Amino acid sequence: MSDTAVTPSNATFDQFGLSPDILKAIAEQGYTTPTPIQAQAIPVVLSGRDVMGAAQTGTGKTASFSLPIIQRLLPLASTSASPARHPVRALILTPTRELADQVAANVQAYAKHTPLRSAVVFGGVDMNPQSAELRRGVEVLIATPGRLLDHVQQKTANLGQVQMLVLDEADRMLDMGFLPDLQRILNLLPKERQTLLFSATFSGEIKKLAATYLRNPQTIEVARSNSTATNVTQTVYEVPEGDKTGAVVQLIRERSLKQVLVFCNSKIGASRLARSLEKSGVVATAIHGDRTQNERMQALEAFKRGEIEALVATDVAARGLDIVELPTVINFDLPFNAEDYVHRIGRTGRAGASGDALSLCSPNERKQLADIEKLIKRPLDVGHLTVDVPVRHHEERSPRREGRDGRDGRDERPARRRSGGPSFDRPHGSHRQQPIDDFFLKPYEPSPSAHKSDEAAAADAASAQQQKGATKQPLAALLGGFGMPRKSSS
DNA sequence: AAAAAAC
């Protein structure tokens, strides 16, 4: 087993023995004090030892490996123009193209006063400029796996002299089915090398990967995995599926949000929401895997420049995107994987800044909410929007169930009955059958097969009681057992 | 259930 490093409490960048050229670049980036992961990882990486790092994005992880990589390669850096003098010595693999781009920008910045060359390759864009750059020779290569293998096949990338390998967001890469690609790449690398594996979680698969490809790694863990930053407020708003678009508009206006990242579960949903927001006067654009790489990059850049108020994204943006001090993240949909929630809200409250994570939860997403609260080991705060909740003194309703839940982006409905209508503009859209009151009338219904605990049943009864005649009540009251961790019965 | 990634 590997041991865990101790955090030096008040380290400075000066004490790592980094080259003045690197320190100069660090200073230019405005950094003075290493983050905990940097304080722990930099000395270990400099020592040449393998690392198994558990760190969320936003903890300064990229610099924690980039800086010592640059330092270690410095003695080998050549000022020669000959490509042969610039073989790939460090390879950094990331799951998404945007993350590769971000990491590359960091490496570039940290190495700018050194003769080291770096390049980034990923899919979705022309291979030729990448090939040309690779042929000129680079010591540090940042890549997504598929395109890297493409370059290997084209013989534009030679990995025979790689001494340092970084697997960034390794859990994500496995989730995305990159294991075969990773294995192929790893087989091309010299056995004698230093390997750094970073992962948000240490699942069984990650441990297996580490056992296979790392040698006596030192474990570095800054924040317990699955934990969320304490400087981020986390609030959930219970919103009927069809009211989510309006709710987002309202949150943006209420809070005067100028730069908000909004997560959807589907590509189509993200596009639709972006369009709906635009109709409501919010400058918005979507970023997801069905948009061209050019569109993705332009959306991201415009967002960073502050030209876009709402960037509506799928989980392509859940990890790794480094948008400095993003104040607010909204979950339009709750993610299917609770871990993705942690990654999504990791886009805010970065580098010690405070942030707000706002989540919309429709009745059919309560299971996801319960999973999230179980993972982060605390309930989210329950917020309420200032829209009127319709008063319904309800007697009996037919038990007919909706065949479809409308979760796939069919979230736009015509304005509801005037009395008690929402105070926000509602975009025009297709009709959904489910009446708005459904949510208020129907407490959480577990599937018939699911076993319900006594507390949950009691909570349901309590919430059903409280729903009658409810208006503008805090959702916590409306929802009784809302957010209670649910015992899973398997 | 969905998303991501090579052409």
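Computed from a predicted structure; not experimentally measured. Throughout, a chain's letter reflects where its sequence line sits, starting with A, and its residues are numbered from 1.
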Inset, instruction - Salt-bridge test for Asp181(A) and Arg184(A): reply yes if a basic N is under 4.0 Å from a carboxylate O, no otherwise. - result: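 Yes, this pair counts.
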Inset, instruction - Answer yes when Glu339(A) and Arg344(A) have at least one side-chain N-carboxylate O distance shorter than 4.0 Å, and no when they do not. - result: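 No.
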May I have the distance from [X] (atom [atom1]) to [N] (atom [atom2]), rounded to whole angstrom?
X: Arg291(A); N: dA4(B); atom1: CZ; atom2: P; answer: 12 Å
X: Glu241(A); N: dA1(B); atom1: CD; atom2: P; answer: 16 Å
X: Asp101(A); N: dA4(B); atom1: CG; atom2: C1'; answer: 16 Å
X: Met176(A); N: dA4(B); atom1: CE; atom2: C1'; answer: 3 Å
X: Arg344(A); N: dA2(B); atom1: CZ; atom2: P; answer: 14 Å
X: Asp333(A); N: dA3(B); atom1: CG; atom2: C1'; answer: 12 Å
X: Asp290(A); N: dA2(B); atom1: CG; atom2: P; answer: 13 Å
X: Glu339(A); N: dA2(B); atom1: CD; atom2: P; answer: 20 Å

With the side chain of [X] defined as its heavy atoms from C-beta on, choose the nearest nucleotide among [options].
X: Arg97(A); options: dA4(B), dA1(B), dA5(B); result: dA5(B)
X: Ser266(A); options: dA4(B), dA6(B), dA2(B); result: dA2(B)
X: Phe122(A); options: dA6(B), dA2(B), dA5(B); result: dA6(B)
X: Arg296(A); options: dA6(B), dA2(B), dA4(B); result: dA4(B)
X: Glu98(A); options: dA6(B), dA2(B), dA5(B); result: dA5(B)

Inset, instruction - Would you indicate, yes or no, if dA4(B) has its OP1 or OP2 atom less than 4.0 angstrom from a side-chain nitrogen or oxygen of Lys267(A)? - result: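 Checking dA4(B) against Lys267(A), a side-chain N or O does come within under 4.0 Å of OP1 or OP2.
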Legend entry - Distance below 4.0 Å between Thr314(A) side-chain N/O and dA2(B) OP1 or OP2: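 So the side chain of Thr314(A) is outside the cut-off, no N or O lying under 4.0 Å from OP1 or OP2 of dA2(B).
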Legend entry - For Phe198(A), ring pair (Phe, Tyr, Trp, His ring centres under 6.0 Å) partners two or more places apart: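 So Phe198(A) forms a ring pair (Phe, Tyr, Trp, His ring centres under 6.0 Å) with Phe65(A).
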Inset, instruction - Check every strand shown and say whether Asp181(A) touches a base, only sugar-phosphate, or nothing at a heavy-atom separation below 4.0 Å. - result: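 Counting heavy atoms under 4.0 Å across all strands, no contact is made by Asp181(A).
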Inset, instruction - Could you check whether Gly177(A) gets within reach of a base, just the sugar-phosphate, or nothing at all, counting any heavy atom under 4.0 Å? - result: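 Since no nucleic acid heavy atom lies under 4.0 Å of Gly177(A), the category is nothing.
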Inset, instruction - Would you mind listing every salt bridge (Lys or Arg N to Asp or Glu O under 4.0 Å) that reaches into residues 194-204 of chain A, with sequence neighbours excluded? - result: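 Output for this query is empty, none listed.
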Legend entry - Greater than 12 external heavy atoms within 6.0 Å of Lys155(A)'s NZ: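 No, not enclosed.
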